[in-house]
Amino acid sequence: MSPTEFISVTFPNENTELHPIPGAPVDPEFLVKYARALDDNDYNYTLIPYGSASFDPFTLGATVAAVTKKLKIIIALRPNTMYPTVAAKQLATLDQLSGGRVVVHFIAGGDDVEQAREGDFLSKDERYARQEEYIKILRKAWASSDPINWEGKYYTFKDFRNNVRPVNGTIPVSVGGSSPEAYRIGGALADIFGLWGEPLKETKEQIDRIYAAADAAGRAPNDRPKIWVTFRPIVAETEELAWKKAHNILDLLKKNRAGPAIYPTSDKAPQNVGSQRLLEIAKKGEVQDRALWYPTVTATGARGASTALVGSPQTLIDSILDYVDLGCDLISIRGYDNYYDALDYGRYIIPGVRKALKERSNGAETNGNGEEANSDRPAKRARALRD
């Protein structure tokens with residue numbers, strides 16, 4: 001079983017969804033402080049997001065890599081924005097500069113309007129087909145010592161020679177989505193598959209579809225993609241304080257209409273399946289499973305990863321363990337007060353999860369107080385769902 005690892009998101013300034021700063025430029029001091037805080041608090045990865053109106057992920061990623069020692073840099077990449085031979089070299093260059101700490105996360109594009117802002121007018125199915133071809137080109141460019149000729153549906157080139165190789169021979173590829181094409185391509189080609197936070201039952205169903213696609217592609221069970229799931233934890237010392245904090249956050253989200261967007265928002269229903277799924281699940285109730293809270297989804301129109309986990313540190317630890325029990329290897333946690341939430345997770349959540357997993361591996365499953373865990377805890381149900 002793979003070790004459980006934690007992901008955050010890199011923020012280039014103090015702009016947040018709760019306290020937006022329209023047009024805020026990159027704040028180098030904040031960026032460095034934030035990156036070092038992630039490194040010091042034992043996060044394993046940070047995602048550098050992409051949007052048509054946002055900062056360049058490669059430049060931010062290079063800055064983060066330069067001021068950290070262990071943190072892996074996940075570069076979000078839309079295939080329409082960069083030719084694959086160029087991306088192969090840029091990613092490998094950053095990988096060399098960082099000592100082998102780069103991951104690439106592909107965004108096929110879930111919104112026609114957003115894609116058109118940078119000249120991409122392909123249909124959704126075509127965007128996924130292009131992404132599939134793109135990934136194959138990257139892998140070949142990193143692996144081949146011979147000149148490469150390529151003639152595909154979306155890309156054609158001749159005699160491409162690449163002298164810029166990743167430190168470990170290749171770079172992990174991450175794919176996300178909730179559509180059949182996302183499952184097919186991610187299951188067949190991805191090292192990591194990203195999901196947004198859904199209830200345990202629905203998450204299990206998605207994992208099963210990803211694994212089925214991997215099996216259909218001929219991948220061995222130990223070669224299936226790692227599963228990455230994302231939450232927005234809201235934590236406080238007690239349950240009562242956590243829920244009070246959650247409702248205060250919700251009020252601000254509604255007031256700001258989800259605050260500053262990675263790309264401009266719309267009041268129209270979302271086109272991407274992931275957001276549609278979140279909104280549909282939200283109709284089933286505000287709180288699902290142990291602490292999964294959906295009003296933050298409806299308040300933001302399910303724009304991006306928006307499902308919250310609410311509770312005390314122990315409740316959040318137990319909730320994350322429920323997803324680990326389902327087979328989620330990578331847990332992405334980012335809050336609403338970006339810097340201070342990252343510190344709180346690093347102090348109370350990440351160590352608590354790792355302690356519980358270590359105790360399990362030693363044959364003693366206990367709660368955060370070192371007491372015997374209740375035999376009917378929901379994590380047991382999570383394991384039953386997996387079997």
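Just so you know, residue 1 is the first one in the sequence shown, and it goes up from there.
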Test side chain to side chain contact (heavy atoms under 4.5 Å, CB included) applied to Val297 and Leu279, step by step: CA-CA 7 Å; Val297 170; Leu279 289 171; 4.0 Å; yes
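- Note that the OH atom of Tyr50 and the CZ atom of Phe58 stand 10.5 Å from one another [nearest 0.5 Å].
- Under the side chain to side chain contact (heavy atoms under 4.5 Å, CB included) test applied with Tyr323, the options Thr4, Asp329, Leu292, Ile207 reduce to a single match, Leu292.
- Using a 4.5 Å heavy-atom cutoff, the side chains of Leu309 and Ile234 are not in contact.
- When all heavy atoms of Leu253 and Ala299 are compared, the pair lying nearest together is CB-CB, 4.4 Å.
- For the pair Arg130 and Asp120, the salt-bridge criterion is met [side-chain N within less than 4.0 Å of a carboxylate O].
- Note that Arg78 lies outside the cation-pi zone of Phe106, set by a 6.0 Å cut-off to the ring centre and a 45° limit from the axis.
- No donor-acceptor distance shorter than 3.5 angstrom exists from the side chain of Thr307 to the backbone of Glu198, with no hydrogens or angles considered.
- Here the shortest heavy-atom pairing between Asn15 and Asn338 reads O-ND2, 3.4 Å.
- In this structure, CZ in Arg232 is found 9.0 Å from OG in Ser332, a value given to the nearest 0.5 Å.
- By the 4.0 Å N-to-carboxylate-O rule, Arg184 lies close enough to Glu132 to be salt-bridged with it.
- The aromatic rings of Phe157 and Trp150 sit parallel, their planes meeting at an angle under 30°, below the 60° perpendicular limit.
- Remark: side-chain polar atoms of Gln90 are not paired, donor with acceptor, to backbone N or O of Ala87 under 3.5 angstrom.
- Evaluation of the salt bridge (charged side-chain N to carboxylate O under 4.0 Å, His left out) rule for Arg219 yields Asp223 as partners, not counting sequence neighbours.
- Salt bridge Asp289/Lys201: absent, no basic N to carboxylate O contact under 4.0 Å.
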Verdict with supporting geometry, Asp208 and Lys204, salt bridge (charged side-chain N to carboxylate O under 4.0 Å, His left out): CA-CA 6 Å; Asp208 286 346; Lys204 168 70 164 54; 2.7 Å; yes
Check against side chain to side chain contact (heavy atoms under 4.5 Å, CB included), Val173 and Ile192: CA-CA 6 Å; Val173 168; Ile192 299 167; over 6 Å; no
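- Checked for salt-bridge contact, Lys226 and Asp191 miss the test: no charged N lies under 4.0 Å from a carboxylate O.
- Put simply, CD1 on Ile7 and CD1 on Ile331 are 8.5 Å apart, with the number rounded to the nearest 0.5 Å.
- Each of Gln115, Glu118, Glu114 was scored for a side-chain hydrogen bond (donor to acceptor under 3.5 Å, both in side chains) with Ser52, with one residue passing: Glu114.
- Proximity of Asp39 to Tyr34: side-chain heavy atoms (C-beta onward) are nowhere separated by under 4.5 Å.
- Note that the CZ atom of Phe11 and the CG atom of Leu38 stand 9.0 Å from one another [nearest 0.5 Å].
- Of the possible polar contacts, none joining the Glu151 side chain to the Thr156 backbone as a donor-acceptor pair under 3.5 Å is found.
- With a 4.5 Å cut-off on side-chain heavy atoms, Arg290 and Leu200 do not count as touching.
- Closest of all the heavy-atom pairs between Ser178 and Tyr183 is O-OH, 3.3 Å.
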Verdict with reasoning, Thr46 to Ser8, per side-chain hydrogen bond (donor to acceptor under 3.5 Å, both in side chains): CA-CA 5 Å; Thr46 185; Ser8 186; 5.0 Å; no
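- Salt-bridge annotation for Glu205 and Arg209: absent, with no side-chain N of the basic residue lying under 4.0 Å from a carboxylate O of the acidic one.
- Other residues, nucleotides and ligands contribute at most 12 non-hydrogen atoms within 6.0 Å of the OH atom of Tyr340.
- By the 6.0 Å and 45° rule, Arg224 stacks over the aromatic ring of Tyr211.
- Using modelled atom types, no side-chain atom of Thr81 and backbone atom of Leu77 make a donor-acceptor pair closer than 3.5 Å.
- For the pair Pro225 and Ala214, the tightest heavy-atom approach, listed with the atom from each and the gap, is CD-CB, 4.0 Å.
- Within 6.0 Å of the CZ atom in Phe6, the count of heavy atoms belonging to other residues, nucleotides or ligands exceeds 12.
- Minimum interatomic distance between Phe231 and Gly197 (heavy atoms only, all atoms of both residues): CE2-CA, 3.6 Å.
- Between Val324 and Ile320, the closest side-chain pair of non-hydrogen atoms falls below 4.5 Å.
- Clustering of Ile, Leu, Val, Met, Phe, Trp and Tyr by side-chain heavy atoms under 4.5 Å joins Val32 with Val67.
- Looking at Lys153 and Glu133, no side-chain N of the basic residue comes within less than 4.0 Å of a carboxylate O on the acidic one, giving no salt bridge.
- The line from CG of Leu47 to CZ of Arg334 is 8.0 Å long, rounded to the nearest 0.5 Å.
- Between the side chain of Ser144 and the backbone N or O of Lys140 there is no donor-acceptor pair closer than 3.5 Å.
- To the nearest 0.5 Å, atom CD1 of residue Ile227 and atom CG of residue Leu326 are 10.5 Å apart.
- Residues Phe30 and Tyr339 form a side-chain contact, since some pair of their non-hydrogen atoms from C-beta on lies under 4.5 Å apart.
- The side-chain heavy atoms of Phe193 and Trp228, taken from C-beta on, include no pair separated by under 4.5 Å.
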Salt bridge (charged side-chain N to carboxylate O under 4.0 Å, His left out) assessment of Arg360 paired with Asp325: CA-CA 12 Å; Arg360 285 185 184 185; Asp325 290 335; 2.6 Å; yes
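- Annotation for Lys69: atom NZ does not count as buried by contact number, only 12 or fewer foreign heavy atoms lying within 6.0 Å.
- Cluster annotation: Trp142 is not connected to Val164 through the hydrophobic network of ILVMFWY side chains, with a link wherever side-chain heavy atoms come within less than 4.5 Å.
- Heavy-atom neighbours of Asp159 CG from other residues, nucleotides or ligands within 6.0 Å: above the threshold of 12.
- Checking each of Thr68, Asp95, Asn44, Asn168 against Arg101 for a side-chain hydrogen bond (donor to acceptor under 3.5 Å, both in side chains) leaves exactly one that passes, namely Thr68.
- Contact check on Lys244 versus Glu239 returns no salt bridge, with no Lys/Arg side-chain nitrogen under 4.0 Å from an Asp/Glu carboxylate oxygen.
- In terms of modelled atom types and a separation under 3.5 Å, the side chain of Tyr43 and the main chain of Ala342 share a donor-acceptor contact.
- Of the possible polar contacts, none joining the Gln288 side chain to the Trp293 backbone as a donor-acceptor pair under 3.5 Å is found.
- In this structure a side-chain-to-backbone donor-acceptor pair under 3.5 Å is present from Arg139 to Leu189.
- Counting heavy atoms from C-beta on, the side chains of Lys124 and Ser179 come closer than 4.5 Å.
- The environment of NZ in Lys33 is crowded: more than 12 heavy-atom neighbours from other residues, nucleotides or ligands sit within 6.0 Å.
- Between Leu316 and Val235, the closest heavy-atom pair is CD2-CB, 3.7 Å.
- Leu138 and Val86 fall within the same hydrophobic cluster, defined by Ile, Leu, Val, Met, Phe, Trp and Tyr side-chain heavy atoms under 4.5 Å apart, directly or through other members.
- Residues Val310 and Trp243 are in side-chain contact: their nearest non-hydrogen atoms beyond the backbone lie under 4.5 Å apart.
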